[in-house]
Amino acid sequence: MNIDRDEMQAMAQILHNLWFERPSEGLMEMVAEIPFAEQWPLGDSSPEVMQACELMDKQSATMDELLLDYTRLFVGPGVPLCPPWGSVYLCETGLLNDVSTQALVAFYRESGLELDSTRNEPVDHLGLMLAVIANALATEEGAIPAFMDSYDDVAFSTAWTARLLREYLMPFAPKCIELLAANAKTDFYRALAPLTLNYLQTLQAQLEAQLVSHKSDTMH
């Protein structure tokens with residue numbers, strides 16, 4: 001299944017919002033306006049994804065239930081049940097802002113990319129990385145999401161985005177998403193797990209295929 005760039009960008013932005021934003025009336029109004037089962041571009045990619053789309057459409061948790069689930073999964077108190085930061089999974093210490101985080105910071109800096117630091121989150125938050133992917137896939141200036149202090153000089157090439165996934169996101173995302181699926185109490189967050197994993201796997205496969213195709217073309 002090959003999904004066009006605009007649709008992949010839109011899905012990244014939606015998934016970013018669902019991972020990064022606390023449940024609010026505005027967020028839930030946005031979700032309610034999306035007929036996932038009918039219009040999610042990857043809805044037909046597997047029965048599990050279609051079931052997740054249907055759960056999103058039918059979810060009926062109260063705001064208090066959603067906030068409680070969000071907090072226990074991603075915030076704490078104590079160690080959250082689904083830590084959304086890469087270094088927790090990739091570094092032996094399990095601490096925030098460890099070596100893997102600094103490697104991602106260096107990768108961004110080498111590319112000329114700076115993230116908006118108004119919300120004090122490590123840059124390897126899965127939701128923030130989805131925002132960067134949304135930027136990388138944006139084809140029109142008006143479609144570029146927030147969180148970027150500087151992106152005018154960033155070459156968001158297919159190779160750059162594929163490297164972000166291959167080296168910095170996918171080494172931890174499946175485990176993080178597995179914890180989300182195992183610990184979510186609401187249909188909303190239970191559905192977010194397969195939607196995210198399926199999206200990331202599909203995007204990575206498409207980008208890697210494009211790189212192979214481009215390499216083949218240049219050799220002829």
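FYI, side chains are in, hydrogens and waters are out, and symmetry mates aren't considered; it's all heavy atoms of this structure.
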Do Arg22 and Leu67 make a side-chain contact, defined as non-hydrogen atoms from C-beta onward lying under 4.5 Å apart?
yes

Interatomic distance, Met129 atom CE to Tyr108 atom OH [nearest 0.5 angstrom]:
4.5 Å

According to a 4.5 Å side-chain heavy-atom criterion applied to Ile, Leu, Val, Met, Phe, Trp and Tyr, with indirect links allowed, do Leu179 and Leu95 form part of one hydrophobic cluster?
no

Check whether Ser213 reaches the backbone of Ala209 with its side chain - one donor and one acceptor, N or O, closer than 3.5 Å.
no

If you take all heavy atoms of Ala191 and Ala52, which pair is closest and at what distance?
CB-O, 3.4 Å

Out of curiosity, does Val99 fall in the hydrophobic cluster containing Leu164 (side-chain heavy atoms, cut-off under 4.5 Å, transitive links)?
no

Check: Leu96 and Thr101 side chains under 4.5 Å, non-hydrogen atoms
no

Side chains of Val31 and Leu18: does their closest heavy-atom pair fall under 4.5 Å?
yes

Do Met63 and Leu68 belong together in a cluster built from hydrophobic side chains that touch within less than 4.5 Å?
no

Determine the minimum heavy-atom distance between Ser100 and Gly86, stating which atoms define it.
OG-C, 4.2 Å

From Leu180 CG over to Glu178 CD, what is the distance, rounded to the nearest 0.5 angstrom?
11.0 Å

Roughly how far, to the nearest 0.5 Å, is OG of Ser46 from CD of Gln201?
9.5 Å

Counting C-beta onward and ignoring hydrogens, is there a side-chain heavy-atom pair between Met28 and Gln59 closer than 4.5 Å?
yes

Are there over 12 heavy-atom neighbours, none belonging to Gln204, within less than 6.0 Å of that residue's CD?
yes

Side chain Asp69, main chain Thr186, donor-acceptor under 3.5 Å:
yes

Tyr70 and Glu21: side-chain contact (heavy atoms from CB on, under 4.5 Å), yes or no, with the steps?
CA-CA 9 Å; Tyr70 172 89; Glu21 300 299 332; over 6 Å; no

Side-chain heavy atoms of Leu113 within contact of Asn135, under 4.5 Å:
no

Measuring from Met50:CE to Leu55:CG, what's the distance to the nearest 0.5 Å?
11.5 Å

Between CG of Leu130 and CG of Leu200, what distance do you get to the nearest 0.5 Å?
6.0 Å

For the student: nearest non-hydrogen atoms of His16 and Gly127, plus distance
ND1-O, 2.8 Å

Go through the structure and list residues passing side chain to side chain contact (heavy atoms under 4.5 Å, CB included) with Thr161, not counting sequence neighbours.
Ala136, Leu207

Starting at CG of Asn198, measure out to CG of Leu203 and round the result to the nearest 0.5 Å.
11.0 Å

Is there a donor-acceptor pair under 3.5 Å between the side chain of Asp98 and the backbone N or O of Ser87?
no

So do Val132 and Leu115 actually touch side chain to side chain, heavy atoms under 4.5 Å?
yes

Would you mind listing every ring pair (Phe, Tyr, Trp, His ring centres under 6.0 Å) that reaches into residues 164-208, with sequence neighbours excluded?
Phe74-Tyr189, Tyr89-Phe172, Phe107-Tyr168

Salt bridge or not between Glu65 and Lys185? Use side-chain N to carboxylate O under 4.0 Å.
no

Identify the two heavy atoms, one from Leu195 and one from Met56, that lie closest to each other, and give their separation to 0.1 Å.
CD1-CG, 3.9 Å

Should we count CG of Asp44 as having more than 12 external heavy atoms under 6.0 Å?
no

Would you name the heavy atoms of Leu73 and Ala184 that are closest together and state the gap between them?
CD2-N, 3.9 Å

Side chain to side chain, Asn183 and Cys82, heavy atoms closer than 4.5 Å:
no

For the pair Asp57 (side chain) and Phe36 (backbone), establish whether a donor and an acceptor sit closer than 3.5 Å, ignoring hydrogens and angles.
yes

Tell me, with the steps shown, if Leu211 and Glu208 meet side-chain contact (heavy atoms from CB on, under 4.5 Å).
CA-CA 5 Å; Leu211 290 178; Glu208 296 292 354; 3.9 Å; yes

Measure across Thr196 and Leu192 and return the closest heavy-atom pair with its distance rounded to 0.1 Å.
OG1-O, 2.7 Å

Do Ile34 and Leu15 sit in the same hydrophobic cluster, where Ile, Leu, Val, Met, Phe, Trp and Tyr count as joined when their side-chain heavy atoms come under 4.5 Å apart?
yes

Residue pair Cys91 / Trp85, side-chain heavy-atom distance below 4.5 Å
no

